[in-house]
Amino acid sequence: MTTRFNTSVLTQPRWIAAVAVGVLLSLVFVRLGVWQLDRLAERRTENQMIETRLAEPSLPLLGILDQYGADVEAIVHRRATAKGEFRKDAEFFSIGRTYGALTGTLVATPFDLEDGSVLIVVRGLVPPGTPGPPAEDYEPESGPMVIEGVLLAGEQPTPLGEPDLEDGVLMSLSRVDLALINESVEGEVLPVSMVLGTTSVPNPNETPVAIPEQILTEGRHLGYAVQWFGFALIVVFGVGALVYKAGSSEAVTETDSKRTPLP
């Protein structure tokens with residue numbers, strides 16, 4: 001027996017509503033999928049930019065600042081050298097930091113540049129519980145030196161806020177918030193920080209474990225896009241199957257009612 005679809009089911013309010021909701025949901029899911037693909041394209045563009053800048057040779061920091069001014073987006077992820085002196089008495093901690101398999105206390109130290117400005121230098125990680133700051137047994141050498149590292153923007157402040165200063169002195173921050181540090185450290189703090197690579201005067205005792213360079217990935221945007229497109233297909237085929245089943249059932253019922261009963 002051939003099943004016939006009764007198109008009159010499409011005029012029934014409940015199925016009109018079901019189709020409308022299905023179309024709306026599928027359009028929303030498709031839009032979310034496209035949004036994830038857009039984010040994937042942005043991530044790929046950003047990764048390409050970072051790779052290009054990291055591949056360039058180190059340049060003097062003051063020269064980079066002269067060229068780009070306060071345009072942080074044009075400065076970050078470049079390798080730079082800087083000449084100056086660590087101000088270890090103004091060092092601060094960021095406790096409980098994790099980078100891959102590394103966990104410890106992040107040590108950041110102001111570095112006085114030749115022009116009088118201050119560069120916040122992330123020197124690395126020391127073991128949890130290290131006394132300080134300054135980090136005991138991990139203090140930088142005194143005197144003028146040249147350092148090299150990668151420039152990064154400051155970190156966003158934590159939504160929970162930061163602890164109050166201890167006797168007016170910055171001791172610990174949850175994040176390297178350059179704007180807050182600028183309010184607490186004497187001198188003009190630059191809008192970029194440096195993750196330390198090398199120094200011309202190494203610490204003869206112990207050196208904090210270097211922060212590993214960023215591993216560039218594309219994230220999960222492609223997988224999320226596939227999921228949203230999949231949800232859209234499920235809605236389309238699900239609503240379509242329900243409508244088809246309802247129309248087919250009504251067609252069979254209508255056919256049965258028209259049959260002539262046997263005597």
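Quick note: residue numbers are just sequence positions, from 1. Predicted model only: the values in this text are computed from it and were never measured.
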**Prompt:** Apart from Val236 itself, what residues make up its hydrophobic cluster, given side-chain heavy atom links below 4.5 Å?
**Reply:**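 Via sub-4.5 Å side-chain contacts, Val236 links to none.
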
**Asked** Who else is in the cluster with Leu233 when I, L, V, M, F, W and Y are joined by side-chain contacts under 4.5 Å?
**Response** Phe237

**Partners passing side chain to side chain contact (heavy atoms under 4.5 Å, CB included) against Val72 (at least two apart in sequence or in another chain)** =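 Result, side chain to side chain contact (heavy atoms under 4.5 Å, CB included) vs Val72: Val76, Ala153, Pro191, Val192.
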
**Item:** For Tyr68, all residues meeting side chain to side chain contact (heavy atoms under 4.5 Å, CB included), sequence neighbours excluded
**Value:**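 Applying side chain to side chain contact (heavy atoms under 4.5 Å, CB included) to Tyr68 gives Ile64, Ala74, Ile75, Arg78.
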
Counterpart residues, side chain to side chain donor-acceptor pair (under 3.5 Å), relative to [X] (two or more places apart):
| X | answer |
| --- | --- |
| Thr45 | none |
| Ser94 | Arg97 |
| Arg220 | none |

Less than 3.5 Å apart, which donor and acceptor atoms pair up between the side chains of residues 106-120 and the rest of the protein, not counting sequence neighbours?
residue, atom, partner, partner atom, Å
Thr109, OG1, Glu91, OE1, 2.5
Thr109, OG1, Arg123, NE, 3.0
Asp112, OD1, Arg87, NE, 3.4
Asp112, OD1, Arg87, NH2, 2.6
Asp112, OD2, Arg87, NE, 3.3
Asp115, OD1, Ser117, N, 3.0
Asp115, OD1, Ser117, OG, 2.6
Asp115, OD2, Ser117, OG, 3.4

Salt bridge (charged side-chain N to carboxylate O under 4.0 Å, His left out) involving [X] - partner list, sequence neighbours excluded:
| X | answer |
| --- | --- |
| Glu73 | none |
| Arg44 | Glu218 |
| Glu136 | none |

**Asked** Does a sphere of radius 6.0 Å around CD in Glu51 hold more than 12 heavy atoms from other residues, nucleotides or ligands, not counting ones at 6.0 Å or beyond?
**Response**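 Correct, the count exceeds 12.
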
**Set of residues satisfying ring-ring contact (aromatic ring centres under 6.0 Å, His included) with respect to Phe231, sequence neighbours excluded** = Phe29, Trp228

